[in-house]
Protein chains: 2
Amino acid sequence: MQISKGVEWAAHAAVLLSALPTGRGLKAEALARYHSVPGPYMAKQMQALSKAGIVQTARGKHGGYRLARPAGEITLWDIMTAIEGSKSAFTCTEIRQNGPCGATPEQCRKKCAIAAAFHAAEVAFRESLQAISLVEIAAGVAADSPRKHLRNVGAWLEKEAVAIG
Amino acid sequence: MQISKGVEWAAHAAVLLSALPTGRGLKAEALARYHSVPGPYMAKQMQALSKAGIVQTARGKHGGYRLARPAGEITLWDIMTAIEGSKSAFTCTEIRQNGPCGATPEQCRKKCAIAAAFHAAEVAFRESLQAISLVEIAAGVAADSPRKHLRNVGAWLEKEAVAIG
DNA sequence: CCATAATCGGACAATAAATATCCGAAATAG
DNA sequence: CTATTTCGGATATTTATTGTCCGATTATGG
């Protein structure tokens with residue numbers, strides 16, 4: 001069980017976008033440069049966020065990405081499913097139906113007990129992530145950073161931000 | 001995020017072993033045959049359970065696997081970590097330290113807020129799986145199966161089981 | 001209105017991990 | 001002691017992730 005690295009990058013990028021005022025955004029290259037990650041691969045993650053409706057895009061000169069809705073309505077679960085897809089982590093292959101004592105399909109109307117247990121665990125995981133929005137993350141980051149650092153970030157954003165609407 | 005197929009197989013195998021009386025077990029080939037899964041790969045999963053101390057082994061003629069402790073003391077989390085390893089699913093690569101506004105290491109004494117949120121979700125996932133032992137799984141399976149099927153399983157086990165001590 | 005420049009979007013390799021398999025080491029039974 | 005049968009670790013094949021490139025699209029400026 002391994003969460004893709006793209007999820008981490010997309011989450012950081014989304015938090016950065018949440019620091020911008022409404023209607024302003026950043027281009028993919030700037031988002032990659034901010035964290036010193038490979039540009040094209042960062043762009044790939046942003047495309048996934050775009051397809052999921054988490055960010056809005058503008059093409060052409062002065063193009064870029066901005067959040068599609070308020071930061072409080074974007075959770076870490078939204079970002080993770082946008083990157084990794086929404087299929088469940090545990091896939092039951094119904095091996096209980098195989099072999100010399102295989103259960104018949106009508107005996108399997110109820111979900112396999114093992115699959116049900118993993119499903120319940122995944123629900124707990126999902127609900128935990130759904131409780132955290134970009135607002136909470138941004139507040140945590142701000143609380144842990146010195147004023148000087150936040151001013152640097154603000155100046156950098158002011159220099160790089162573009163209007164998207 | 002994908003849970004390995006080996007986890008499913010190992011869990012089913014462990015549940016099957018839990019149906020045997022203390023001191024009796026099954027050889028790897030029988031465990032594979034019961035669910036019609038590839039023998040050598042099933043054996044690989046059993047080796048992982050053995051290294052994790054979940055099952056005891058006996059080699060030579062009349063060898064095989066038996067549970068190393070009572071079924072109530074073996075949780076699905078134990079099985080999953082035995083197969084997949086115990087490293088966390090989300091790995092923080094500290095990209096906040098990179099780039100033009102990178103945070104200095106001493107600003108990073110607290111864990112990154114994003115990593116902390118994923119860590120909390122993983123804790124919820126883990127605690128959910130730790131609450132389910134082989135006893136609960138076996139009880140669920142028994143409740144969902146007709147008597148006739150359970151008799152078939154019992155007869156098959158009686159035929160295949162070996163004494164391991 | 002048209003050419004231009006700069007952006008996003010989807011298609012294309014390289015790498016790492018999971019899946020499946022084989023052969024040697026070890027231990028018991030006779 | 002010998003032979004048989006088993007587990008254990010090392011070895012290929014397939015799949016998913018990571019990383020990269022070039023074409024489609026759009027606002028800009030003349």
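All of these numbers come straight from a predicted model, not from anything done at the bench. Chain letters run A, B, ... following the sequence lines, proteins first and then strands; every chain starts at 1.
How far OG of A:Ser50 is from OH of A:Tyr65: 6.0 Å, rounded to the nearest 0.5 Å.
Taking atom CE of A:Met42 as the reference point, atom P of D:dT18 lies 13 Å away to the nearest angstrom. Atom-to-atom, CD1 of A:Ile164 to P of D:dT28 comes out at 12 Å; the value is rounded to the nearest Å. As rounded to whole Å, 16 Å separates atom P of C:dA20 from atom NE2 of B:His35. Look at CD on A:Gln56: it is 14 Å from P on C:dC8, rounded to the nearest Å. Summarising the geometry, the separation between CD on B:Gln2 and C1' on C:dA16 is reported as 16 Å, rounded to the nearest angstrom. Residue B:Lys5 contributes atom NZ, which lies 11 Å from atom P of C:dT21 at whole-angstrom precision. Per the geometry, CD belonging to A:Gln45 stands 14 Å off C1' belonging to C:dG10, to the nearest Å.
Looking at heavy atoms from C-beta onward, A:Leu49 lies in side-chain contact with A:Ile83 at the 4.5 angstrom threshold. Two residues are said to be in side-chain contact when any heavy atoms from C-beta on lie closer than 4.5 Å; B:Arg66 and B:Val55 fail this criterion. In this structure, B:Tyr34 and B:Val153 have side chains that are in contact, with non-hydrogen atoms separated by less than 4.5 Å.
No salt bridge links B:Arg126 with B:Glu122; every basic N to acidic carboxylate O contact stays at or beyond 4.0 Å. B:Arg24 and B:Glu158 are joined by a salt bridge, as a carboxylate oxygen and a charged side-chain nitrogen come within less than 4.0 angstrom of each other. A salt bridge links A:Asp78 to A:Arg69: at least one charged side-chain nitrogen sits closer than 4.0 Å to a carboxylate oxygen. In this structure, B:Glu160 pairs ionically with B:Arg33, as a charged nitrogen and a carboxylate oxygen lie closer than 4.0 Å.
Closest approach of A:Gln45 and A:Ala10 over heavy atoms only: CB-CB, 4.4 Å.
End-to-end axis angle for the helix from C:dC1-D:dG30 to C:dG30-D:dC1, using five pairs per end and rounding to 10°, comes out at 10°.
Mapping B:Gly39 and B:Glu84 onto DNA chain C by nearest heavy atom places B:Glu84 closer to the 5' end of the strand.
Listed pair B:Tyr41 / C:dT21 fails the phosphate criterion, with no side-chain N or O lying under 4.0 Å from OP1 or OP2.
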Checklist outcome for this item: The contact string for nucleotides 1-13 of chain D, one letter per nucleotide 5' to 3', using protein heavy atoms under 4.0 Å with B, S and - for base, sugar-phosphate only and none, comes out as ----BSBBB----
